[in-house]
Trainee: 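Below you'll find the structure I mean.
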Amino acid sequence: MISPALERFISQAAVRSREQAEPADCVLALAPLMLDLIEQAGTFLEPQHYRSDPQSYARNLVYDAADESLSLYSIVWLPGQWTPVHDHGSWGVVGVIEGVLEERSYVRLSPDRGADTDIDLARGGTVLLRHGAVTSFVPNPDHIHVTGVPLERPRAVSLHLYGRMMSDFNIYDVGARTRRRINVAHNES
Ligand SMILES: [Fe+2]
């Protein structure tokens, strides 16, 4: 069953994302909704949204729009679990429910002409996001980063809203200067 807080979030997010054609305007309009949603997480997150996997961070689907224009996941990060270096092909808004989510950014130095080779990335800054924090990103040029939790910190849980079904993204091999598209799994609700 969908809680009133989640229902309100989804309906407002759908309206605001439709109204804002520009991704940067879209995340500006959606970030405050995520800030409020974090405080309501206890009303709609159920045990299946806290599923974890000792092999990898776990992506638990909370909501997906019938037209695939929005998707919301609860991601559970056990100590020592990290994403590969990746981008998103979409705008995204992230809110932290529990623990500290760490983000290590990369800056693309070579122009993106759509090729999967000759990609120069430089390491950028790190942000540490505690419960209540909201961050966001836009595509084109795409935001490239690694997120996760170092071994010495406890589990983190975060909510991720995207402007599409996030079932695939590019991962980067920084040393080889390449990227490739991979499918990413999730647990259904
Ligand atoms: Fe990401």
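Positions are given from 1 along the sequence. Whatever order the structure lists them in is the order used to number ligands and atoms, beginning at 1.
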Trainee: Judged by modelled atom types alone, do N170 and D87 share a side-chain donor-acceptor pair under 3.5 Å?
Mentor: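 Yes - a donor-acceptor pair under 3.5 Å links their side chains.
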
Trainee: Using only N, O or S atoms, tell me which atom of H145 is closest to the Fe ion (ligand 1).
Mentor: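 Result: NE2.
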
Trainee: Is the distance between the Fe ion (ligand 1) and the nearest N/O/S atom of H160 smaller than 2.8 Å?
Mentor: no

Trainee: Mind reading off the angle at the Fe ion (ligand 1) between the NE2 atom of H86 and the NE2 atom of H88, rounded to 10°?
Mentor: 100°

Trainee: How far does CG of N60 sit from OH of Y50, to the nearest 0.5 angstrom?
Mentor: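 Going from CG on N60 over to OH on Y50, the span is 10.5 Å.
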
Trainee: Are E103 and H143 close enough that a side-chain donor and a side-chain acceptor fall under 3.5 Å?
Mentor: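 Short answer, yes.
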
Trainee: Verify the distance test for H143 against the Fe ion (ligand 1): any N/O/S atom under 2.8 Å, yes or no.
Mentor: no

Trainee: Would the distance check show the side chain of R59 and the main-chain N or O of I75 forming a donor-acceptor pair, the cut-off being under 3.5 Å?
Mentor: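 A pair under 3.5 Å: no.
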
